[in-house]
Amino acid sequence: MIDLKLVRDDPDRVRASQRLRGADESMVDALLSADDARRSAVARADSLRAEQKTIGREVAQAAAHDRPAVLHRAKALADEVKAAEGEQSHADAALRAAHMGIANIVEEGVPPGGEADFVTLATVGTPPIVAHPKDHTEIGAALKAIDTDRGAKVSGARFYFLTGIGAQLEFALVNLAMQQAAAAGFIPVIAPALVKPEIMEGTGFLGAHSAEVYRLADDDLYLVGTSEVALAGYHSNEIIDAAELPLRYAGFSSCFRREAGSYGKDTRGIIRVHWFDKVEMFSYVPADDAAEEHQRLLAWEREFMDKLELAYRVIDVAAGDLGTSAARKFDIEAWFPSQQAYRELTSTSNCTTFQARRLNIRTRGAHGNEPVATLNGTLCAIARTIACLLDHHQQPDGSVYVPAALRPLLDGREVLSAP
RNA sequence: GGAGGGCUCGCAUAGUGGCCUAGUGCGGCGGUCUUGAAAACCGCUGUUGGGUGAUCCCCAACCGUGGGUUCGAAUCCCACGCCCUCCGCCA
């Protein structure tokens, strides 16, 4: 949810944000009129309720012979109150619907345009030159690290088994990520992969991208696409002591994505899959500190990329390509020699107070309780990172170079070769 | 899955239809006293929405959630959720 006060005070800014996203500007006016309608409905119901209280006391105190007359008036009033309350709840629902329909306000400086209109903020490292690059699927099969055939046999397309060194690589990456996060002051968390509807909605995943989410109809639960969902829900309906901020969590969980609408995209290998594990950073900070925290998350992501000795670039994602909750998003794309392209490995979003409003997460500030800002950033999406490591660090002899930081977690191995 | 017990303001508790405009204790905050502290005493104490964006003031709502009965519900009725205890099943 965006700040209603801001919509009232500066509707043009909200309209401009909608326009940047390629969304409908008129929704801003719909929101404003829903807000007005709700206010007058509330005022009317409030005053009727006050009247009802007064008359209730009269009923209790009335002498026996006055009682029928007073009761008659009270009954008539009760009907009015009921009607007014009905209108109020209708207006509440209408406001909520209008409010939920508007995406977060785009941060100043975000490039305009769509998916192709990102701005490259930094390019780091030199893409390795590989004479006849194999892709990670081929390398993974040779190393007996990735088995997509049996993944398909057992679970269908976009599923995989990690075996042998592949499985060990996952544990090594998770440990490396968690060690870095803990050293930076993050609280390590193992988060649930199933969440309630209100948590899923609060994080903004049931809006434009709801087709992307798995739902268990029998239990009315959703499978998370990222532990961001559970980590955002963690403090829902809480007031966080200002002294505890910033609060930083590093969550590990499985992630599930339906990949609806991505038919034919990355069908080979484990770059785009229905299930993978991920270590995710999540920060709760005072609203004023959000933009700076966003830079910190990006720096931690870059630190991890550097440890993996990958060549990558950092991009500022254009407004039209932002998720519902994000005010700004930076992606890190690493080089895949077999594709001769940079592909997304991590993504960090500043959700400002958007998620916190929906999930009712506040802190005591100078003007009473105020929503906090929430931010998330990938530290390591395991499957895709393994794909990149194999591709990026492949050697002419078919082995794979192991970055120095990973060696202690892989029994000191400097290369991976076929067993 | 089955059987019981519970859910009230940060915590603990009182409250079985209208003097509940939710009391009391603890904790917390402020003050008096004190060289300082403790004790004692005094005062304050949650959340949401609205009243011309206002830390004061006024109004309304909130007693797990959602419905219902009633002129009126923390209190009565129904459904659901969660927690606890036991039984069954189980990694």
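Below, read A as the first sequence line, B as the second, and so on, with proteins coming before strands; counting in each chain starts at 1. The analysis underlying the following values was restricted to heavy atoms, covering all of them including side chains, and did not include hydrogens, waters or symmetry mates.
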Here's a test of your reading of the structure: between Ala43(A) and Asp46(A), which maps to the more 5' nucleotide of RNA chain B?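 Result of the comparison: Ala43(A).
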
Toward the 5' end of RNA chain B, which comes first, Ser47(A) or Arg8(A), by nearest nucleotide?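 Mapping each residue to its closest nucleotide by heavy atoms, the 5'-most match is Arg8(A).
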
State the pairing partner of [N]; accept Watson-Crick or G-U wobble contacts with both distances under 3.5 Å, and report none otherwise.
N: G10(B); value: C26(B)
N: A54(B); value: none
N: C80(B); value: G64(B)
N: A37(B); value: none
N: A3(B); value: U85(B)
N: C71(B); value: G18(B)

Take the protein atom [atom1] of [X] and the nucleotide atom [atom2] of [N], then report the distance between them rounded to whole Å.
X: Arg364(A); N: U47(B); atom1: CZ; atom2: P; result: 5 Å
X: Glu370(A); N: U55(B); atom1: CD; atom2: P; result: 12 Å
X: Asn369(A); N: G49(B); atom1: CG; atom2: P; result: 10 Å
X: Asp36(A); N: G50(B); atom1: CG; atom2: C1'; result: 13 Å
X: Leu48(A); N: G49(B); atom1: CG; atom2: P; result: 22 Å
X: Glu85(A); N: G66(B); atom1: CD; atom2: P; result: 13 Å
X: Ile199(A); N: C82(B); atom1: CD1; atom2: P; result: 14 Å
X: Asp92(A); N: A61(B); atom1: CG; atom2: P; result: 14 Å

Qualifying residue for side chain to side chain contact (heavy atoms under 4.5 Å, CB included) with Leu345(A), from Asp331(A), Thr378(A), Leu310(A):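 The passing option is Leu310(A).
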
Which nucleotide in [options] has an atom nearest any side-chain atom of [X]:
X: Ala78(A); options: G18(B), G49(B), G72(B); value: G72(B)
X: Ala74(A); options: U47(B), C71(B), G49(B); value: C71(B)
X: Asp9(A); options: A60(B), G53(B), U47(B); value: G53(B)
X: Leu71(A); options: A60(B), C71(B), G49(B); value: C71(B)

Taking any heavy-atom pair under 4.0 Å as a contact, classify [X]: base, sugar-phosphate, or nothing.
X: Ile239(A); result: sugar-phosphate
X: Gln52(A); result: sugar-phosphate
X: Arg73(A); result: nothing
X: Lys5(A); result: nothing

Determine the interatomic distance between [atom1] on [N] and the same-named atom on [M]; round to the nearest Å.
N: C62(B); M: G4(B); atom1: P; answer: 31 Å
N: A12(B); M: G27(B); atom1: C1'; answer: 10 Å
N: U70(B); M: G64(B); atom1: C1'; answer: 23 Å
N: G23(B); M: A74(B); atom1: P; answer: 14 Å
N: G66(B); M: C7(B); atom1: C1'; answer: 16 Å
N: C44(B); M: C26(B); atom1: C1'; answer: 16 Å
N: A22(B); M: G46(B); atom1: P; answer: 14 Å
N: G10(B); M: C89(B); atom1: C1'; answer: 39 Å

Check whether any side-chain heavy atom of Leu31(A) sits under 4.5 Å from a side-chain heavy atom of Leu95(A), and report yes or no.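 In short, these two side chains touch, coming nearer than 4.5 Å.
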
Quick test of your reading of the model: are [X] and [Y] salt-bridged, counting only N-O distances below 4.0 Å?
X: Glu201(A); Y: Arg358(A); result: no
X: Asp147(A); Y: Arg150(A); result: yes
X: Glu85(A); Y: Arg49(A); result: yes

For the rings on Phe336(A) and His392(A), is their centre-to-centre separation under 6.0 Å?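 Between His392(A) and Phe336(A), which both carry aromatic rings, the centre distance is not below 6.0 Å.
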
Taking the ring centre of each residue, are Phe256(A) and His274(A) less than 6.0 Å apart?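 Phe256(A) vs His274(A): aromatic centres not under 6.0 Å.
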
Check: Gly114(A) main-chain N/O paired with Asp321(A) side-chain donor or acceptor under 3.5 Å: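 Not confirmed, Asp321(A) side chain does not pair with Gly114(A) backbone.
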
Would you please confirm or rule out a distance under 4.0 Å between OP1 or OP2 of [N] and any side-chain N or O of [X]?
X: Lys53(A); N: G72(B); value: no
X: Arg39(A); N: A60(B); value: no
X: Arg44(A); N: G50(B); value: no

